[in-house]
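Right, one structure below, let's go through it.
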Amino acid sequence: MTARAGLTGRVIFRGDPGYEAARKNWDPHTDRYPKVFVFAQRTQDVANAIKWARKHNVPIRPRSGRHSLEVNLSQVNGGLVIDVSDMNKIKLNRKNGTAIVGTGNRVGRIAHALARQGFIAPFGDSPTVGIGGITLGGGIGPLQRTIGLISDNLLELEMVDANGKVIRANKHRNADLLWASRGGGGGNFGVYTRYKLKVLRAPAQATVYRIIWPWNQFERVLRAWQKWAPSVNTKLGSELTIGPKKGGSVTMEGLYLGPRSEALRLLQPLTSVGTPTSKIIRQVPYPEAVSFLLPPDPVLTQRYSNQFSSGFARRPFPNKAIRSMRQFLENVEGEDAGFFFLNWGGAVSRKSPASTAFYWRKAKFYVEWNSSWIKQSDGPKNIAIVRQTRRNLQPFIVGSYINVPDQGIKNSGPVYYGANYPRLRKVKAKYDPKNVFRNPQSITPARRG
Ligand SMILES: Cc1cc2nc3c(=O)[nH]c(=O)nc-3n(C[C@H](O)[C@H](O)[C@H](O)COP(=O)(O)OP(=O)(O)OC[C@H]3O[C@@H](n4cnc5c(N)ncnc54)[C@H](O)[C@@H]3O)c2cc1C
């Protein structure tokens, strides 16, 4: 019997043509060498791959959009990567306001396809992130105050469990798995192959904006933003990016699901701050709004490696926190480094923290920061400055976002999942009691008893 027997779909072993291309992730320094990649074409290929891995005692990693922010999540040395990216159908049901999507789709592909048909699909700040991974971790973005997290719109799912059994979950059947899949994070319960998402009718037009300030105005802009953004009209999403002192600037962008005249008024508390060097506030047909925020990005593998860290703020950052930010931004050496903020409130915060696995709903804003490097030997100092900044900011944030993980966080379960962690461990014990699906920060099954 050859090693290949039992595997179906597009199968690439180490040494086969296409292996190096299969290893490429968004992070260029992916330093893991899996034994084999299976590019599943259908759910049965996923089931066969799981059974094969169990039989040969090979670790498994599911993969969709290859955008994981740590290099060891969707690849593992000597393991089997089950990649669902070829499973990328999109089927809109206009009457029910639902879309069934293969988990191999990228967020941008779904958002553009649905916008052209008059519907809103949720998205974040990058078109190439996989719907597979982003949904499982929560899925945050500029539309969340209107329609909720991406995972709040997950109505049904299809998943293959550790025995190769196909499981479907919705609010009536396997409701605990649906609950856990709305924010519990990828790589924990099984390999997901299909999602049914709720989608809303899009407005004919929306207003998009992008305002840029010089870097040295970041403190003024941030102070104004953090007072304004969490309580502004919930149809307005706002992302604030602050680059490093060396070469960076301050950019606020997002959209308002309404006319430009109202957007001008709503944005005024920010447009009146400092001296913006560029100001775009444009009313466009909804599909163009999606293109403005998700411009085509053909780059699957970028030049830099990154270390991120993330958290949620329940109060505006006081001066002490802003001083820690300045220290980071002045000293960080990575070209692609800085802070990113996203406003909370609206549909995200209306749901209770226990209503889905995504716990951190009662915040004012989300914050993440990162540094980057090209030469692998520059990694440790960049990782160190990001982690030191986490220690400095710890008094001013709670939790951390599982989709923007930091493997420097010890005992990470309650940090990612708050009070939902014990329940997640029970769901894990039910659907994957032998902990077949695991990674360095995955959920450990609750002990029976
Ligand atoms: C450039 C960039 C921009 C981003 N912007 C945003 C944003 O705006 N909003 C946001 O919320 N997040 C954002 N993220 C974070 C993103 O949500 C996570 O990195 C997410 O995990 C990526 O999913 P993926 O399918 O592309 O990645 P992958 O590398 O394929 O997988 C990531 C994780 O999910 C697991 N997983 C993937 N597919 C499956 C599956 N089918 N079944 C079970 N487990 C699976 C993997 O095992 C791994 O643990 C961004 C990331 C990048 C790199």
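Keep in mind that this is a model prediction, so the values were computed, not measured. When a ligand or atom number is given, it counts from 1 through the structure's own listing order.
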Geometric cation-pi criterion Arg282 and Phe292, 6.0 Å radius, 45° cone:
no

Practice item. Say whether Gly104 and ligand 1 are in contact under the criterion: heavy-atom distance to a ligand atom below 4.0 Å. Key: no

One finds that the ligand 1 atoms under 4.0 Å from a non-hydrogen atom of Gly124 are 7 (C), 8 (O)

For Asp125, the atoms of ligand 1 under 4.0 Å from one of its heavy atoms are 3 (C), 4 (C), 5 (N), 6 (C), 7 (C), 8 (O)

Task: ligand 1 N/O within reach of His67 N/O, cut-off under 3.5 Å - done: yes

Any heavy-atom pair between the side chains of Pro445 and Pro433 that's under 4.5 Å? no

of all protein heavy atoms, closest to atom 34 (O) of ligand 1 is Gly186 CA, 3.7 Å

Please list every donor-acceptor pair under 3.5 Å in which a side-chain atom of residues 240-252 meets a protein atom from a residue at least two apart or in another chain.
none

Min over Asn403, Ile134, Val191, Val160 of heavy-atom distance to atom 10 (C) of ligand 1 lands on Ile134

The ring-ring contact (aromatic ring centres under 6.0 Å, His included) partner of Trp344 among Phe365, Trp360, Phe312 is Phe312

among protein heavy atoms, the one nearest atom 30 (O) of ligand 1 is Ser64 N, 2.7 Å

Query - Short N or O distance, Val129 and ligand 1, threshold 3.5 Å exclusive - result: no

In this structure, atom 44 (N) of ligand 1 is nearest to the protein heavy atom Gly187 N, 3.1 Å

For Ser74, is at least one N or O under 3.5 Å away from an N or O on ligand 1? yes

query: Within the structure, does Tyr192 bring an N/O atom to less than 3.5 angstrom of an N/O atom in ligand 1?
result: yes

Does Tyr401 have a heavy atom less than 4.0 Å from any atom of ligand 1? yes

Gly190 heavy atoms within 4.0 Å reach ligand 1 at atoms 42 (N), 43 (C)

*Non-hydrogen side-chain atoms of Leu149 and Arg361 separated by less than 4.5 Å*: yes

Walk me through it: do Arg182 and Asp152 pass the test salt bridge (charged side-chain N to carboxylate O under 4.0 Å, His left out)? CA-CA 7 Å; Arg182 293 164 131 193; Asp152 291 341; 5.6 Å; no

key: Ring-ring centroid check Phe358 Tyr417, cutoff 6.0 Å   = no

Going by distance only, is there an N or O of Gly65 that falls short of 3.5 Å from an N or O of ligand 1? yes

Atom 26 (O) of ligand 1: closest protein heavy atom, distance to 0.1 Å, is Gly130 N, 2.8 Å

**Item:** Close approach of Arg66 to ligand 1, heavy atoms, under 4.0 angstrom
**Value:** yes

For atom 49 (O) of ligand 1, the closest protein heavy atom turns out to be Leu73 CB, 3.7 Å

Quick look: Leu136 vs ligand 1, heavy-atom contacts under 4.0 Å, and the answer is side chain

among protein heavy atoms, the one nearest atom 32 (C) of ligand 1 is Ser68 CB, 3.6 Å

| Lys/Arg-Asp/Glu bridge criterion (N-O < 4.0 Å) met for Lys381, Glu333 | yes

Under 3.5 Å, is there a donor on one side chain and an acceptor on the other for Thr43 and Glu158? yes

Test your reading of the structure: does Pro62 have an N or O sitting under 3.5 Å from an N or O of ligand 1? yes

Per-atom filter on ligand 1: closer than 4.0 angstrom to a heavy atom of Ile140 are 7 (C), 8 (O), 9 (N), 10 (C), 11 (O)

* Asked: Can you find an N or O of Gly141 that's nearer than 3.5 Å to an N or O of ligand 1?
  -> no

